[in-house]
Asks: 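Attaching a single structure in structure tokens format; questions to follow.
In what follows, every chain begins at residue 1, and chains take the letters A, B, ... in the order their sequences are listed.
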There are 2 protein chains.
Amino acid sequence: MNYSVSEENYIKAIYNLNGNKQPVSTNALAETLDTKPASVTDMLKKLKAKKLIVYQPYQGCRLSAEGVKVALNIVRRHRLWEYFLAEKLKFEWNEVHAVAEELEHVSSPKLIERLDEYLGFPRFDPHGDPIPDHEGKMQTLKQVKLTQLPLHTPAKVSGLTDQSTDMLELLRHRRISIGTAVEINRKFGFDHSVEIKIQDNPLFIISEQAAQHILVHHE
Amino acid sequence: MNYSVSEENYIKAIYNLNGNKQPVSTNALAETLDTKPASVTDMLKKLKAKKLIVYQPYQGCRLSAEGVKVALNIVRRHRLWEYFLAEKLKFEWNEVHAVAEELEHVSSPKLIERLDEYLGFPRFDPHGDPIPDHEGKMQTLKQVKLTQLPLHTPAKVSGLTDQSTDMLELLRHRRISIGTAVEINRKFGFDHSVEIKIQDNPLFIISEQAAQHILVHHE
DNA sequence: ATTTATTTTTAGACAAACCTAAAAAATAAT
DNA sequence: ATTATTTTTTAGGTTTGTCTAAAAATAAAT
Ligand SMILES: [Mn+2]
Ligand SMILES: [Mn+2]
Ligand SMILES: [Mn+2]
Ligand SMILES: [Mn+2]
């Protein structure tokens, strides 16, 4: 099957709102897709007719098995393009999303397989999110919040729970990105800020608000 | 201004039918865009309202100055992506067109500038067609048909006047592509076929029908 | 110069994706 | 248990891009 750009955007939005696990509300979809609830209802009917979601009026919607498959494919394309933009075209990691939002709809399977190969089969996008393979499988890391990383334990930044522009800007300024080696030197009980060391930079302190949105994995 | 995928396809089609020089007929457009003449008329009215073409009923249409600008931009994107697909993702030169037809509509100026840079500012696409630079300028070579290349004159394949699948297939089989060094060893007056030498392959003969569609440049 | 054939445009419809305003259902508050 | 609030759906419209069938204009043939 081949889906329209709009249909694909809806399916991905449902997936991103955890619609493969819990039901997603009409309003939540309207919010993230920047459209009106009435328009969402229209589309939900169409997606239900195509058996991509299960949907009963007033009950929210969730992805069907087929819907999850389609969603994972769109997510795969999105994240591979993000990786390409960051790695090859040297886009900043806060710029890649908007462009990938368009590129993800180019529907040549061969293009995506070749791109994947060309990029060396990356498993994580520039935001640390896992890239599904051609079968939809993706690797998950056991991640901890930076605030919970034990002292003097070498770890790597592997994800973010806040991907807002403000957050990305702060991290760029601090020269922290996905893959950056990090180690906690000291924790301050008063405001829960942490003193960290990255690569060969001098020690510096990061606030609790920021640190709790930075995910790391170690060992 | 930002144009829809359909508008862009029409503008590029008009350009490819030499609509910056001669008027293009409604039927010719319908033919190349695989649509109906009535639909073309509708779109021509819209493009005229946006001042991208000059159009009087029953007189055909041609691109305005602004229309040419827009067309060159689309052609630039199309050919840069073709180059990327052939050069980096190792697509065959007969496969690149269809995918580029979709990629050309992704509308991030920064993406295109970065891609151009990443590719090393190529000046010709895999079919030998010139790639407009960011100002719309493109390089033209003084080309001759292979049939008209003088004997024993080293030259390079630089273009095709027939880009049909059949033609591209034949050339791939003969291992001829854009940039291939070629030299004529002998011409046969009877059927105007030519015996040529490419790179370190043994001599072989090519028919007049094929040779007349292969453009080369020398010296 | 008519007639015939071709090309192009108009008229009227349709599907996709969106909208506003009003009605209905589900929740929350008294 | 009513009443009030929020959420969701329906009803009816709009825009974009397409279509078929019929009419009009142009070009070609007698
Ligand atoms: Mn998108
Ligand atoms: Mn991402
Ligand atoms: Mn196109
Ligand atoms: Mn080309």
Asks: Whole angstrom is fine here: how far is it from CD in A:Glu31 over to C1' in D:dT7?
Replies: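 A:Glu31 atom CD is separated from D:dT7 atom C1' by 14 Å.
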Asks: Taking only N and O in the side chain of B:Tyr10, is any of them less than 4.0 Å away from OP1 or OP2 of D:dT16?
Replies: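 Looking at the OP1 and OP2 atoms of D:dT16, neither is under 4.0 Å from any side-chain N or O of B:Tyr10.
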Asks: For B:Ser207, enumerate each residue passing the side chain to side chain donor-acceptor pair (under 3.5 Å) test, keeping only those at least two apart in sequence or located in another chain.
Replies: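 Counting only residues at least two positions away or on another chain, B:Ser207 forms no side chain to side chain donor-acceptor pair (under 3.5 Å).
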Asks: Have a look at B:Thr41 and say if it touches a base, only the backbone sugar-phosphate, or nothing, with a 4.0 Å heavy-atom cut-off.
Replies: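 Base, at least one base heavy atom under 4.0 Å.
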Asks: Is there any side-chain hydrogen bond (donor to acceptor under 3.5 Å, both in side chains) pair reaching into residues 32-44 of chain B, and which pairs are they, with sequence neighbours excluded?
Replies: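 Of all non-adjacent pairs touching residues 32-44 of chain B, none passes side-chain hydrogen bond (donor to acceptor under 3.5 Å, both in side chains).
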Asks: In sequence, state the C-alpha distance, the side-chain angles, and the governing distance for B:Leu72 and B:Tyr15, and then conclude on side-chain contact (heavy atoms from CB on, under 4.5 Å).
Replies: CA-CA 8 Å; B:Leu72 284 171; B:Tyr15 178 86; 3.5 Å; yes
Asks: Quickly work out the B:Lys45 NZ to D:dT15 C1' distance and round it to whole Å.
Replies: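 Rounded to whole Å, this separation is 16 Å.
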Asks: Are more than 12 heavy atoms from other residues, nucleotides or ligands located less than 6.0 Å from atom CD of A:Glu113?
Replies: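 Count over threshold, so yes.
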Asks: Sequence neighbours excluded, which residues qualify as side chain to side chain donor-acceptor pair (under 3.5 Å) partners of A:Ser158?
Replies: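 For A:Ser158 the side chain to side chain donor-acceptor pair (under 3.5 Å) partners, ignoring immediate neighbours, are A:Gln143.
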Asks: Can you list the residues that meet the salt bridge (charged side-chain N to carboxylate O under 4.0 Å, His left out) rule with A:Glu8, with sequence neighbours excluded?
Replies: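 Per chain and number, A:Glu8 pairs via salt bridge (charged side-chain N to carboxylate O under 4.0 Å, His left out) with A:Arg77.
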Asks: When the distance from CG of A:Leu47 to P of C:dC18 is rounded to whole Å, what number comes out?
Replies: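 Answer to the nearest Å: 11 Å.
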Asks: Among residues two or more places apart or on two chains, list those pairs meeting side-chain hydrogen bond (donor to acceptor under 3.5 Å, both in side chains) that have a residue in residues 79-89 of chain A.
Replies: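 Listed by first then second residue: A:His78-A:Glu82, A:Glu82-A:His97, A:Glu82-A:His127.
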Asks: Pairs of donor and acceptor atoms involving the side chains of residues 53-71 of chain B, under 3.5 Å and at least two apart or interchain, shall be tabulated with distances.
Replies:
unit_1: B:Gln56; atom_1: OE1; unit_2: B:Lys48; atom_2: NZ; d: 3.1
unit_1: B:Arg62; atom_1: NH1; unit_2: B:Lys21; atom_2: O; d: 2.9
unit_1: B:Arg62; atom_1: NH2; unit_2: B:Asn20; atom_2: O; d: 3.3
unit_1: B:Arg62; atom_1: NH2; unit_2: B:Lys21; atom_2: O; d: 3.0
unit_1: B:Ser64; atom_1: OG; unit_2: B:Lys51; atom_2: O; d: 2.8
unit_1: B:Ser64; atom_1: OG; unit_2: B:Leu52; atom_2: O; d: 3.1
unit_1: B:Ser64; atom_1: OG; unit_2: B:Glu66; atom_2: N; d: 3.4
unit_1: B:Ser64; atom_1: OG; unit_2: B:Gly67; atom_2: N; d: 3.0

Asks: Mind checking if B:Pro37 touches a base, just sugar-phosphate, or nothing, with heavy atoms under 4.0 Å?
Replies: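 If one applies the 4.0 Å heavy-atom cut-off, B:Pro37 turns out to touch a base.
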Asks: Whole-Å distance between D:dT18 C1' and B:Leu33 CG?
Replies: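 So the two atoms are 13 Å apart, to the nearest Å.
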Asks: Over how many whole Å does the gap from B:Gln59 atom CD to C:dT7 atom P extend?
Replies: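 Computing the B:Gln59:CD to C:dT7:P distance gives 16 Å.
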Asks: If I take atom CE in residue A:Met43 and atom P in nucleotide C:dC19, what distance separates them, rounded to the nearest angstrom?
Replies: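 Distance check: A:Met43 CE to C:dC19 P gives 11 Å.
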Asks: Taking OP1 and OP2 of C:dC18, is either one under 4.0 Å from a side-chain nitrogen or oxygen of A:Ser6?
Replies: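 For A:Ser6, the contact criterion (side-chain N or O under 4.0 Å from OP1 or OP2 of C:dC18) is met.
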Asks: Sugar-phosphate atoms are those with a prime plus P, OP1 and OP2; base atoms are the rest. Using that split, label each nucleotide of nucleotides 19-24 of chain D B, S or - for protein heavy atoms under 4.0 Å, 5' to 3'.
Replies: BB---B
Asks: Would you mind reading off the distance between A:Leu44 atom CG and D:dT8 atom C1', rounded to a whole angstrom?
Replies: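 After rounding, the reported distance stands at 10 Å.
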Asks: When the distance from CG of B:Leu29 to C1' of C:dT8 is rounded to whole Å, what number comes out?
Replies: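 About 13 Å, once rounded to whole Å.
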Asks: Could I get the full list of side chain to side chain donor-acceptor pair (under 3.5 Å) partners for A:Arg172, not counting sequence neighbours?
Replies: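 Applying side chain to side chain donor-acceptor pair (under 3.5 Å) to A:Arg172 gives A:Asn94.
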Asks: For DNA chain C, which residues of residues 20-28 of chain A approach it to below 4.0 angstrom with any heavy atom?
Replies: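 The answer is none.
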